[in-house]
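Heads up, the thing below is written out as structure tokens.
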Amino acid sequence: MRRRAGLGFWLAAGWIGLILLAALLADLLPFARYDETLAGPPQSGPSAAHPFGTDGLGRDVLSRVVYGARVSLGVGIGAVLLGLGIGAPLGILAGYRRKAADAVIMAVNDVAQAFPALVFALAVVAFAGANLRNVLIVLGVLGVPSWVRLIRGATLTFAEREFVLAARVLGTRDRRILWREIVPNVAVPAASYAFIGMAVVVVAEGSLAFLGLSVQAPTPTWGGLINEGRTLMETAPHVVLAPSIAMFLTVLSFNLVGDRLRSLTDVRESGLEPVRQAAPALPATTHPVRDVLLQVEELRTHFVTPRGLVKAVDGVSFTLERGRTLAIVGESGSGKSMLIRSVLGLLPGTSVRGGNVYLSGDDLTSCTAAEMRSVLGPRLGTVFQDPMTALNPVRTIGTQVMEPLRVHMHLTRRQARAEAAELLASVGIPDPVRMLRRYPHQLSGGMRQRVTIAMALSCRPDVLFADEPTTALDVTIQDQVLRLLHRQREERDMAVVLVSHDLSVVARWADEVIVMYAGKVVERGPAAEVFARPRMPYTEALLQAAPRLTDPVHHRLRVIPGRPPDLVDLPEGCAFRARCAYADERCEAEAPPLFEDAHDRRRYACWHPRGRAALDGTTTAPSSDVMDITEVTEGADGGGR
Ligand SMILES: Nc1ncnc2c1ncn2[C@@H]1O[C@H](COP(=O)(O)OP(=O)(O)OP(=O)(O)O)[C@@H](O)[C@H]1O
């Protein structure tokens, strides 16, 4: 900040400091009191004895401007604190709780904001009496609607950010999320708006004083001084100029400081250089299958929207064993993220969830919010797509990594700090003790993702969910992060659920794969098998659409024709049929169930599964002969067949 604030900011801050100091120490300053008449000859210009001259009654103008600052700044600061004190809790409540609280608060707020503020202030002060207390209360209360709007907007923004979701994933209580994650972030725009708000109040108080509706004579206020000097403009212009310039500079300075503070505290505008570090690479190894950790049965996540029911996840089932990595792939919008959020119980309010999720036999779908808090973090960890938004920008890495350790493991501050440093070291972060003191924007993308992995691992979860953990990173870092996840899986003996667009990632690091289309599982099986011999034409098309390094330079990428179906209005039969080269009448009439191949644990939802011939490169006519298959009733389609 010191480096980038600029001269204007420091001049403005200096002026505010000077005027504040003068107002506070006015009684000690070596000039006549503001109400001492004939301290000098009336209407005399600036002189050594009276640097700003004297007014019509021979009073010292400098003294009156300095004492006037007491009222103007006092009202400015007091009214802003009052407005903030009332507006901030209401704004946070509306933005965080949403629903009825939001609707009621914002309806009342909109009505309040519709009143013309100055006219309202005039009426109230004229009715209740023109004194300092009334002016302060009226201007403070008039500022409340703007504060509510600002704080609600900021809360809404931060409540949707991934670091808040990450805190919820770590099982943090709402009150703690509010105080630790949202309030510090909301404080940043609030602080900059407070300066701008003070400028507004100083002008408003000046306007009331000019009309004689603020503090009464002989106490001077800037607006009152301007009013008094108005009649002397031709004979003694300094009487009106001195308070006008003081007010102008103060209002300008408040605005400048507020605006500059906003841009300085905005991480995106700070322009600070990230620290780039390389991490050691590790060879990949495989792990033997042991016991079933996660069992998902007929999971459904539907959204009630004005257009109709969106079936984002529709009857998905799978199991996951300890020491295995399950990958979920599919086009954008196929339901991958919603599937994970559904398992974690972190769904938006407009959704409805059905089916069951068992973690080591415990039914998570019947858990209360409080019970889920003890599962999220200690038993289920999550790594998000963009590490920048998954970390709270105003808290150090140390406080964020220590948080779950203190909440769930009940470690003391000192123990948590030592454990946090160890965790950072274990995910390949060099100089972890120093790193604990850094802020997220001071780290490179790869380092930030290592920090979020460290946080997710801090309570030693049984299953780690990684939702596109490398999408926001460049390719060289992607590989390091995936190796790290793999190594941690080995060392900590956990299971990993990996969502990825990148099929090469999945092929390399996953043991099992689920292919999703329009909210359903359309193919499932061992990753190597599925990619070597896809049964479902959709999987085949996905693989063909993925670019390979071995492709010739001007090779045209193959795309899957058409678009994914509208989830509100799914077609009859197979959802992929409109884009499928092998579709026939049966695909149009009847949705295929999820078949199970008796030989190799493969499952696929297709009437015309692809065979070896197609993989060898020879095109075969779509065949309806499926050998050795047993139909399993899985998913909504299976049941409806
Ligand atoms: N709040 C919501 N209201 C209505 N529909 C929603 C809502 N959130 C998600 N959806 C729908 O759910 C479907 C699945 O979304 P999801 O985010 O799981 O897709 P995805 O496969 O993870 O995509 P991407 O790879 O782009 O993240 C989408 O079609 C989306 O339109």
Side-chain angles (χ1 to χ4, degrees), residues 95 98-99 102 156-157 159-162 164-166 168-169 296 298-318 326-355 357 382-390 449 452 465-473 478 496-506 510 513-524 536 538-539 541-543 545-546 559-560 562-571 575-576 578-579 605 635-636:
R98 310 293 314 268
K99 298 186 179 158
D102 189 25
L156 274 179
T157 311
E160 296 290 317
R161 294 280 286 272
E162 283 180 347
V164 172
L165 200 58
R168 287 172 65 197
V169 162
V296 173
E298 286 292 310
L299 197 61
R300 290 181 303 281
T301 307
H302 296 177
F303 289 94
V304 183
T305 71
R307 284 186 59 232
L309 198 65
V310 175
K311 296 182 176 177
V313 177
D314 198 16
V316 171
S317 303
F318 64 87
L326 169 76
I328 303 172
V329 298
E331 280 169 296
S332 186
S334 56
K336 306 180 296 291
S337 301
M338 282 303 140
L339 173 59
I340 286 197
R341 289 183 69 165
S342 204
V343 172
L344 294 168
L346 292 172
L347 289 167
T350 50
S351 62
V352 187
R353 182 174 74 166
V357 177
T382 309
V383 178
F384 290 99
Q385 194 175 92
D386 186 351
M388 190 64 215
T389 55
Q449 195 58 301
T452 63
F465 291 83
D467 189 355
E468 308 256 12
T470 57
T471 307
L473 307 176
Q478 283 181 8
V496 173
V497 177
L498 177 70
V499 169
S500 184
H501 276 111
D502 190 338
L503 297 184
S504 61
V505 162
V506 173
V513 65
I514 281 180
V515 183
M516 287 192 74
Y517 189 74
K520 290 186 199 301
V521 173
V522 290
E523 181 149 11
R524 203 176 98 195
M536 172 74 190
Y538 175 62
T539 316
L542 270 184
L543 285 168
V559 293
I560 307 177
R563 301 170 67 183
D566 181 356
L567 294 182
V568 177
D569 186 21
L570 282 172
F576 185 60
R579 308 168 76 188

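One-based numbering, in listed order, for ligands and for the atoms of each.
S337 CB, 3.7 Å is the protein heavy atom nearest to atom 17 (O) of ligand 1. Here the protein heavy atom with the shortest distance to atom 11 (C) of ligand 1 is V310 CG1, 4.1 Å. Ranking the protein heavy atoms by distance from atom 10 (N) of ligand 1 puts F303 CE1, 3.8 Å first. At the shortest separation from atom 24 (P) of ligand 1 among protein heavy atoms lies S332 OG, 3.6 Å. For atom 23 (O) of ligand 1, the nearest non-hydrogen atom of the protein is G333 N, 2.8 Å.
Residue-ligand proximity: G330 is placed with every non-hydrogen atom at 4.0 Å or more from ligand 1.
Proximity of atom 7 (C) of ligand 1 to the protein is indicated by at least one non-hydrogen atom lying closer than 4.0 angstrom.
Formation of a donor-acceptor pair under 3.5 Å by the R341 side chain with backbone atoms of L346 is found in this model. Judged purely by atom type and a 3.5 angstrom limit, S317 uses its side chain to pair as donor or acceptor with the backbone of E298.
When side chains are defined from C-beta on, T382 counts as touching L344, because their heavy atoms get closer than 4.5 Å. Two residues are said to be in side-chain contact when any heavy atoms from C-beta on lie closer than 4.5 Å; M516 and I328 meet this criterion. Taking the side chain as every heavy atom from C-beta outward, V383 and D467 never approach each other to under 4.5 Å.
Side chains of T452 and Q449: a donor on one and an acceptor on the other come within 3.5 Å.
Within ligand 1, counting atoms from 1 as listed, the ones closer than 4.0 Å to a heavy atom of A312 are 12 (O), 13 (C). Taking every non-hydrogen atom of S334 and a distance limit under 4.0 Å, the qualifying atoms of ligand 1 come out as 19 (O), 21 (O). Applying the 4.0 Å criterion to heavy atoms of L567 picks out, from ligand 1, the atoms 13 (C), 29 (O). Within ligand 1, counting atoms from 1 as listed, the ones closer than 4.0 Å to a heavy atom of E331 are 21 (O). For ligand 1, the atoms lying closer than 4.0 Å to a non-hydrogen atom of E468 are 25 (O).
In this structure, of K336, K311, M338, R341, the residue bringing a heavy atom nearest to atom 25 (O) of ligand 1 is K336.
The heavy-atom pair separating V357 from L299 by the smallest distance is CG2-CD1, 3.8 Å.
Proximity of T305 to ligand 1, defined as any heavy-atom pair under 4.0 Å, is confined to the side chain (atoms from C-beta onward).
Here P565 pairs with Y517, A518, L570, P571, A575 under the side-chain contact (heavy atoms from CB on, under 4.5 Å) rule; sequence neighbours left out. Residues passing the side chain to side chain donor-acceptor pair (under 3.5 Å) test with S500: none are found, sequence neighbours excluded.
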